[in-house]
Amino acid sequence: MKNSISGFIYGDTETTGVSFLNSEVIQFACLVENTDFEPLGSLSLNINLPEGAEWTKGAEKVHGISKETAMKHGVSQSEAIVKINSFLDGVLGKESRNARLVGANSYFDFVMLQNMYSKNKSTVIPWSYRMIDVNQAGLHIGSGSKLHEILKHFNIPVDNDKAHEALYDAELHRSAFHALHNEYKKRGLSFF
């Protein structure tokens with residue numbers, strides 16, 4: 001294990017808005033790798049919108065999921081929590097506590113998921129509170145401060161028809177992180 005990091009969880013959420021207080025997670029996906037970048041598994045969940053939850057048309061325009069679909073397209077929040085915990089326990093075991101969430105604006109995803117756990121009176125998210133934000137990492141070395149800029153900088157192709165689907169975005173986060181990791185190594189820098 002390198003500096004206590006047990007793995008990388010390339011994650012993404014789709015939500016009903018951007019308010020930490022009022023928005024809900026309606027889609028979550030992640031890809032997990034160990035510190036040697038070997039794939040350990042993936043999970044993709046549609047999460048049903050709770051009754052009476054806030055809905056914003058702006059978010060719907062981004063992810064393309066209608067409110068009607070979100071109300072019945074997947075599992076409940078409590079079922080999603082069980083599935084997330086079970087999946088991570090299966091691929092990382094107790095070491096999931098030392099895994100890092102990697103994403104573009106990963107703080108947003110972390111808080112939204114922790115809010116979902118809290119609303120359902122569940123334990124804390126089963127990975128580290130320490131995150132890696134590819135936007136910040138890209139800014140640090142001048143390869144862009146937004147995911148699309150970083151992907152363009154490293155000539156990573158993007159299928160715009162799939163963008164803002166949680167699993168596809170998680171894949172883009174992984175591609176961006178791998179490219180950034182290689183560039184960091186060339187410059188004598190490291191995420192570990």
Side-chain angles (χ1 to χ4, degrees), residues 1-15 25-47 62-64 80 83-93 95-114 125-187 189-192:
M1 187 166 24
K2 301 173 182 173
N3 289 339
S4 78
I5 296 176
S6 61
F8 301 102
I9 301 169
Y10 307 99
D12 188 61
T13 62
E14 297 301 331
T15 64
V25 176
I26 58 170
Q27 199 173 67
F28 170 71
C30 67
L31 306 157
V32 180
E33 292 179 336
N34 63 23
T35 55
D36 293 321
F37 301 120
E38 297 168 335
L40 301 177
S42 65
L43 176 70
S44 181
L45 295 170
N46 288 324
I47 302 169
V62 171
H63 52 59
K83 288 181 181 290
I84 293 167
N85 291 350
S86 177
F87 167 70
L88 288 173
D89 188 50
V91 296
L92 288 171
E95 290 302 315
S96 68
R97 300 298 307 146
N98 295 319
R100 300 296 191 263
L101 179 66
V102 179
N105 193 13
S106 53
Y107 178 77
F108 176 81
D109 295 318
F110 182 90
V111 172
M112 292 304 296
L113 288 163
Q114 186 57 61
I125 292 175
W127 55 78
S128 176
Y129 64 91
R130 294 180 177 177
M131 297 158 272
I132 298 171
D133 189 328
V134 296
N135 292 347
Q136 292 298 311
L139 177 65
H140 179 67
I141 60 168
S143 58
S145 62
K146 294 185 169 79
L147 180 62
H148 73 274
E149 295 170 351
I150 295 162
L151 296 170
K152 184 177 179 181
H153 178 84
F154 290 110
N155 297 313
I156 298 168
V158 176
D159 182 343
N160 289 320
D161 292 334
K162 291 182 179 179
H164 299 294
E165 292 174 11
L167 185 58
Y168 184 67
D169 285 357
E171 292 169 0
L172 293 177
H173 296 165
R174 178 179 59 188
S175 295
F177 181 70
H178 283 200
L180 287 163
H181 172 72
N182 289 335
E183 185 62 29
Y184 269 52
K185 277 176 45 179
K186 287 179 195 172
R187 298 178 186 209
L189 303 169
S190 176
F191 288 100
F192 298 100

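Predicted model, so just to flag it, every value in this text is computed and none were measured. Any value given below was found using the heavy atoms of this structure, including those in side chains, with hydrogens, waters and symmetry copies removed.
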Query raised in the report: Taking everything shown except Phe37 itself, do over 12 heavy atoms lie less than 6.0 Å from its CZ?
Result: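 Atom CZ in Phe37 is crowded, with more than 12 foreign heavy atoms closer than 6.0 Å.
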Are [X] and [Y] side-chain neighbours, meaning at least one heavy-atom pair lies under 4.5 Å?
X: Leu31; Y: Leu40; answer: no
X: Phe177; Y: His173; answer: no
X: Ile132; Y: Leu101; answer: no
X: Val134; Y: Val102; answer: yes
X: Ser143; Y: Glu183; answer: no
X: Asp109; Y: Val25; answer: no
X: Ile141; Y: Arg187; answer: yes
X: His140; Y: Leu189; answer: yes

About how many Å separate [atom2] of [Y] and [atom1] of [X], when rounded to the nearest 0.5 Å?
X: Glu33; Y: Phe8; atom1: CD; atom2: CZ; result: 8.5 Å
X: Thr13; Y: Phe28; atom1: OG1; atom2: CZ; result: 8.5 Å
X: Ile150; Y: His153; atom1: CD1; atom2: NE2; result: 9.0 Å
X: Trp127; Y: Arg100; atom1: CH2; atom2: CZ; result: 13.5 Å
X: Arg174; Y: Ser42; atom1: CZ; atom2: OG; result: 8.5 Å
X: Ile84; Y: Ser96; atom1: CD1; atom2: OG; result: 12.0 Å

Got a donor-acceptor contact below 3.5 angstrom from the [X] side chain to the [Y] backbone?
X: His63; Y: Thr15; answer: yes
X: Asp36; Y: Glu38; answer: no
X: Asn34; Y: Pro39; answer: no

Shortest non-hydrogen contact from [X] toward [Y]:
X: Ala29; Y: Ala170; result: O-CB, 4.1 Å
X: Leu45; Y: Ala80; result: CD1-O, 3.9 Å
X: Pro126; Y: Asn85; result: CG-OD1, 3.2 Å
X: Ala137; Y: Leu180; result: CB-CD1, 4.0 Å
X: Ser6; Y: Ala99; result: OG-N, 3.2 Å
X: Ala104; Y: Leu147; result: CB-CB, 3.9 Å

**Report entry** Residues which pass side-chain hydrogen bond (donor to acceptor under 3.5 Å, both in side chains) with Asp133, listed by chain and number, not counting sequence neighbours
**Finding:**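 Counting only residues at least two positions away or on another chain, Asp133 forms no side-chain hydrogen bond (donor to acceptor under 3.5 Å, both in side chains).
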Report task. Kindly indicate, with the supporting measurements, whether the criterion side chain to side chain contact (heavy atoms under 4.5 Å, CB included) is fulfilled by Phe154 and Ser175. Result -> CA-CA 9 Å; Phe154 290 110; Ser175 295; over 6 Å; no
Please tabulate, for side-chain N and O atoms in residues 162-169, each donor-acceptor pair with protein atoms closer than 3.5 Å (sequence neighbours left out).
| unit_1 | atom_1 | unit_2 | atom_2 | d |
| --- | --- | --- | --- | --- |
| Tyr168 | OH | Asp159 | N | 2.7 |
| Asp169 | OD1 | His164 | N | 3.0 |
| Asp169 | OD2 | His164 | N | 3.3 |

**Report entry** Proximity of Phe191 and Tyr184 rings by center, below 6.0 Å
**Finding:**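 That pair passes the under 6.0 Å test.
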Query raised in the report: Taking it one step at a time, do Val32 and Leu88 satisfy side chain to side chain contact (heavy atoms under 4.5 Å, CB included)?
Result: CA-CA 8 Å; Val32 180; Leu88 288 173; 3.9 Å; yes
**Report entry** Residue pair Ser4, Asn98: steps toward the side-chain hydrogen bond (donor to acceptor under 3.5 Å, both in side chains) verdict
**Finding:** CA-CA 6 Å; Ser4 78; Asn98 295 319; 5.0 Å; no
Requested in this report: Classify the ring geometry between Tyr10 and His178 as parallel (under 30°), tilted (30 to 60°) or perpendicular (over 60°).
Outcome: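 Rings of Tyr10 and His178: perpendicular, as their planes differ by over 60°.
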Requested in this report: Under the side-chain contact (heavy atoms from CB on, under 4.5 Å) rule, collect the residues that match up with Glu149, sequence neighbours excluded.
Outcome: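 Glu149 satisfies side-chain contact (heavy atoms from CB on, under 4.5 Å) with Ser145, Lys146 only.
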Query - Met112/Phe108 under side chain to side chain contact (heavy atoms under 4.5 Å, CB included): CA gap, chis, key distance, verdict - result: CA-CA 6 Å; Met112 292 304 296; Phe108 176 81; 3.6 Å; yes
